Participant: 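First the structure, which I've put down as structure tokens, then a few questions once you've had a look.
None of these values were measured; they are calculated from a predicted model.
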Amino acid sequence: WLKRILHSAQPRFFRPLFGGSGARQTGAMYKFKEIQTIPPAKQLVDIVLSKTNRKTPTVVHPGFKITRIRNFYMRKVKFCQTTYGEKFGKILEDFPKIDDIHPFYADLCNVLYDRDHYKLALGQVNATKKIVDSIAKDYVKMMKFADSLYKCKMLKRAALGRMCTSVKKLSGSLSYLEEVRQHLGRLPSINPATRTLILTGYPNVGKSSFMNIVTQANVDVQPYAFTTKSLFVGHLDYNYVRWQVIDTPGILDHPLEDRNTIEMTAITALAHLPAAVLFFVDISEMCGYPIPVQVALFHSIKPLFRNRPLLIILNKTDIRKMSELSPEERALLDSMKEGAEESVHFFETSCATREGVDAARNKGCDLLLGRRVEQKVKQGKADSLRSRLHIAGGAPPANRPPYIPESVARAKAGEADADMEDGKQEKLERDRMEELGGAGVYSVDLWKRAILQDPSWKYDVVPEIMDGKNIYDFVDPDIDKKLAELEREEELLMQEAALRNDEGVLKEFSKTQHVLDELHSRMRQRRLERKLAKNRNHAPTMRKGRLKAEEVEEKLNKSGKDGSKVRARSASKKIRSSSLLGKRKREASGGAVEDAGGRTGSAARAGSARSMSRMKGMPSEEVAQSAEKQRRKKMRLHQKLGKRGEADKHIPDWKPKHLFSGKRGIGKTDRR
């Protein structure tokens, strides 16, 4: 139990990362992604000056008191100084200090960004911050002795100008720090003190493939060297704890000073991370490097493996077996054990078939766990853990003897075999499941062992919820009696319904409804006709032309009847109203005198007057009728176009210029 607690306890020796403030540091890893963006120097000047103009007063007059004018401009200078100080202070606080972070990250920053260049850039930012403070202090002191608005304004301009000039000189350092910030944000989150496995070796020997198998990482794997150009981190679970696996770039066998940045990242991880090292050797030589060259690399970086569990992974055994190696190559591999402080473990693996991968992973984790526990015991951390634990001990009380089931007691006494021989042993649910179709098909009988008053009740269907209520809340000892009363009441209702003649009532109602529907339909039709007649603005035009008066008169004369009344009747109907009431009034007038054609005196006089008015200036009656037709047709066109008459030549303007030209002023768009 102590071993498990020791290797699962979190380390507590992290130093603060960000400028003496431990609030930004978590207990597991550094947060480089929280560093804020650094604007270029010119953009930083614009930001500060704009903020100064927005956050300070902007109105001042020569008539103000000189003390008020001085305070006005002094406030602008001090605000500008404070804003620059906040910006530069945030940069110095966010970026890690090389001397205060873990040696792994310190050396990694040295390899990637050059420690001297990094410190110089931060130093220039700090120096510029002090210069801005001194400029503001000097010019505020001079403003106290200014005796006019002009002098205060010129001193303010000079102060802000000198501040901006000093900030613009930082353009190179700010650009460099922005690149460092972007690169730090892309670094993997490596915890230098947690349980770690490091994969190293020549390029293209199978490190990334091994990592993709043992973790959920998705590292790019290609059939050429240096596919991995930086550190990649994956995670796995083993023995109920979390592990991180680091895939390093390939290393070549040449002096340390000749190695490039990619190789130095792998050297940095090997030098500073207390982890189990898995050195990969490609025995098939498909990576392009023979076995002697790979063994030489192992011997050259052997000092980095000191005080660390070491495993030699003989990879790609699916292409070439160990039995196919020559004696010289076997001797070279055996030489890797020489001079080691601890035992070196060899594992034959194949990432293509996954043979030996799990065994190598488990062995590396076990070796590192044992070493971590030993270190914590030596450092005295086990005593602090032991003091926080209480282990209950002692004999059980006499008044509470242990309870041992009869089946267990009989099994201990050897009676289990006798039961099996008698065939009395009950069949297990697993065996019954296999007989009845297996998992997913077999359904467990949950009511088989239910203890009820009547065993036949076991499989009765009882709803749990009805009408949104829990049935169990309404269980009543008199429920049978109440149920009988409900059934009796239901029978009475059914008998009452049978006595009523509902079908006859429904038939009568359907007939009445049919009559009402027809009546309502006719009402709607008349309403629609009235609406259409109201909207008509001229006399309806017949679809089929009627006979002319001459044709009707000729037809009547041929048949032996008097056709002279037809023309007089048609002329009078064009002017008089043809309503039934007017006709009856005319017929009822007794004092009318008929002319030779049979018409009354008043009708004859009206007809002759109308014919004389139409014939003025016309050679014949036919010409007058055609002119009347054209006049009426013209009037209908005027009525359709909405004209007042023939002289109405007005052309409406639907887009008047005074409403649709020029700029749209405030409050003048409601008429458009």
Side-chain angles (χ1 to χ4, degrees), residues 18-19 21 23-24 31-96 118 120-185 663 666:
F18 298 99
S21 174
R24 297 286 303 278
K31 295 185 178 180
F32 295 126
K33 293 180 175 62
E34 293 186 358
I35 303 176
Q36 294 184 359
T37 307
I38 300 175
K42 188 175 180 180
Q43 187 177 349
L44 179 62
V45 169
D46 295 339
I47 292 171
V48 173
L49 293 182
S50 174
K51 187 176 181 181
T52 303
N53 193 33
R54 286 185 289 108
K55 298 292 185 180
T56 56
T58 55
V59 178
V60 66
H61 298 292
F64 290 168
K65 286 185 178 181
I66 190 62
T67 54
R68 182 176 177 182
I69 296 173
R70 289 172 186 164
N71 292 332
F72 177 85
Y73 287 106
M74 285 164 58
R75 183 176 177 183
K76 287 186 175 294
V77 174
K78 289 180 180 178
F79 188 88
C80 187
Q81 171 211 353
T82 305
T83 308
Y84 275 126
E86 290 175 356
K87 298 290 184 183
F88 293 145
K90 188 66 174 175
I91 293 173
L92 297 173
E93 180 185 355
D94 284 352
F95 277 88
Y118 178 78
L120 187 62
L122 290 179
Q124 289 178 351
V125 172
N126 191 23
T128 304
K129 179 185 176 187
K130 294 179 180 178
I131 291 172
V132 169
D133 293 343
S134 64
I135 291 173
K137 183 179 179 181
D138 294 341
Y139 277 87
V140 166
K141 187 182 295 184
M142 285 189 283
M143 279 186 189
K144 292 180 180 179
F145 300 98
D147 56 358
S148 65
L149 185 146
Y150 179 77
K151 289 183 179 180
C152 293
K153 183 178 180 180
M154 291 299 105
L155 288 173
K156 186 266 297 183
R157 286 185 59 184
L160 268 59
R162 286 188 60 187
M163 290 181 192
C164 297
T165 302
S166 61
V167 171
K168 287 180 180 178
K169 293 179 181 178
L170 274 179
S171 58
S173 299
L174 294 179
S175 301
Y176 168 76
L177 289 176
E178 173 61 16
E179 293 179 2
V180 171
R181 183 199 67 82
Q182 294 176 2
H183 200 280
L184 282 174
K663 294 184 178 180
I666 298 175

Participant: Please give me the minimum heavy-atom distance between Pro39 and Thr37, naming the atom from each residue.
Facilitator: CD-O, 3.6 Å

Participant: If I take atom CZ from residue Arg70 and atom OG from residue Ser148, how far apart are they, to the nearest 0.5 angstrom?
Facilitator: 9.5 Å

Participant: Please check if the side chain of Ser50 supplies one atom and the backbone of Ile47 the other of a donor-acceptor pair under 3.5 Å.
Facilitator: no

Participant: Is it the case that the side chains of Lys76 and Thr52 hold a donor-acceptor pair, with the cut-off being a distance below 3.5 Å and no angle test?
Facilitator: no

Participant: Just wondering, do Tyr73 and Leu155 contact through their side chains at under 4.5 Å, heavy atoms?
Facilitator: no

Participant: Are Leu122 and Asn126 packed together at the side-chain level, in the sense that at least one heavy-atom pair is separated by less than 4.5 angstrom?
Facilitator: no

Participant: For the CD1 atom of Ile38 and the CD atom of Glu179, what is their distance to the nearest 0.5 Å?
Facilitator: 10.5 Å

Participant: May I ask you to test the Ser171-Lys42 pair for a side-chain heavy-atom distance under 4.5 Å?
Facilitator: no

Participant: Minimum heavy-atom separation for Lys129 to Gly89, with atom names?
Facilitator: NZ-CA, 4.3 Å

Participant: Considering residues, nucleotides and ligands other than Arg68, do more than 12 of their heavy atoms fall under 6.0 Å from its CZ?
Facilitator: no

Participant: So, using ring pair (Phe, Tyr, Trp, His ring centres under 6.0 Å) as the criterion, who are the partners of Phe64 when residues are at least two apart?
Facilitator: His61

Participant: Is any side-chain heavy atom of Tyr84 closer than 4.5 Å to one of Ser166?
Facilitator: no

Participant: For side chain to side chain contact (heavy atoms under 4.5 Å, CB included), just list the numbers for Met163 and Val167, CA-CA rounded to whole Å, side-chain angles, deciding distance to a tenth of an Å, and then say yes or no.
Facilitator: CA-CA 6 Å; Met163 290 181 192; Val167 171; 5.5 Å; no

Participant: Can any side-chain N or O of Asn71 pair as donor or acceptor with the backbone N or O of Thr67 at less than 3.5 Å?
Facilitator: yes

Participant: Working to the nearest 0.5 angstrom, can you tell me the gap between Ile91 CD1 and Asp94 CG?
Facilitator: 8.5 Å

Participant: Can Leu44 and Val48 be said to form a side chain to side chain contact (heavy atoms under 4.5 Å, CB included), step by step?
Facilitator: CA-CA 6 Å; Leu44 179 62; Val48 173; 4.3 Å; yes

Participant: State, to 0.1 Å, how close Pro96 and Leu184 come at their nearest heavy-atom pair, and which atoms those are.
Facilitator: CD-CD1, 4.4 Å

Participant: Got a sec, which residues hit salt bridge (charged side-chain N to carboxylate O under 4.0 Å, His left out) with Arg181, two or more places apart in sequence or on another chain?
Facilitator: Glu178

Participant: Taking the side chain from Arg162 and the backbone from Ile135, do they hold a donor-acceptor pair closer than 3.5 Å?
Facilitator: no

Participant: Minimum heavy-atom separation for Ala146 and Cys152, please, with both atom names.
Facilitator: CB-SG, 3.6 Å

Participant: Is the shortest heavy-atom distance from the side chain of Tyr139 to the side chain of Leu160 under 4.5 Å?
Facilitator: no

Participant: Please examine the side chains of Leu170 and Gln124, heavy atoms only from C-beta on, and report whether any two atoms are closer than 4.5 Å.
Facilitator: yes

Participant: Compare every heavy atom of Ile69 with every heavy atom of Leu149, then report the nearest pair and how far apart it is.
Facilitator: CA-CG2, 3.9 Å

Participant: Looking only at side chains, do Asp133 and Gln81 share a donor and an acceptor under 3.5 Å apart?
Facilitator: yes

Participant: Nearest 0.5 angstrom please: Lys153 NZ to Arg157 CZ, how far?
Facilitator: 7.0 Å

Participant: Quick check: do Met143 and Lys156 have side-chain heavy atoms less than 4.5 Å from each other?
Facilitator: yes

Participant: Taking the side chain as C-beta and beyond, is there a heavy-atom pair between Phe95 and Val125 under 4.5 Å?
Facilitator: no

Participant: Ser134 side chain to Ile131 main-chain N or O, any donor-acceptor pair under 3.5 Å?
Facilitator: yes

Participant: Where do Pro40 and Leu174 come nearest, in terms of heavy atoms and distance?
Facilitator: C-CD1, 4.4 Å

Participant: Restricting to salt bridge (charged side-chain N to carboxylate O under 4.0 Å, His left out), what partner residues turn up for Lys151, sequence neighbours left out?
Facilitator: Asp147

Participant: Counting neighbours of NZ on Lys87 that are heavy atoms of other residues, nucleotides or ligands and sit closer than 6.0 Å, is the number greater than 12?
Facilitator: no

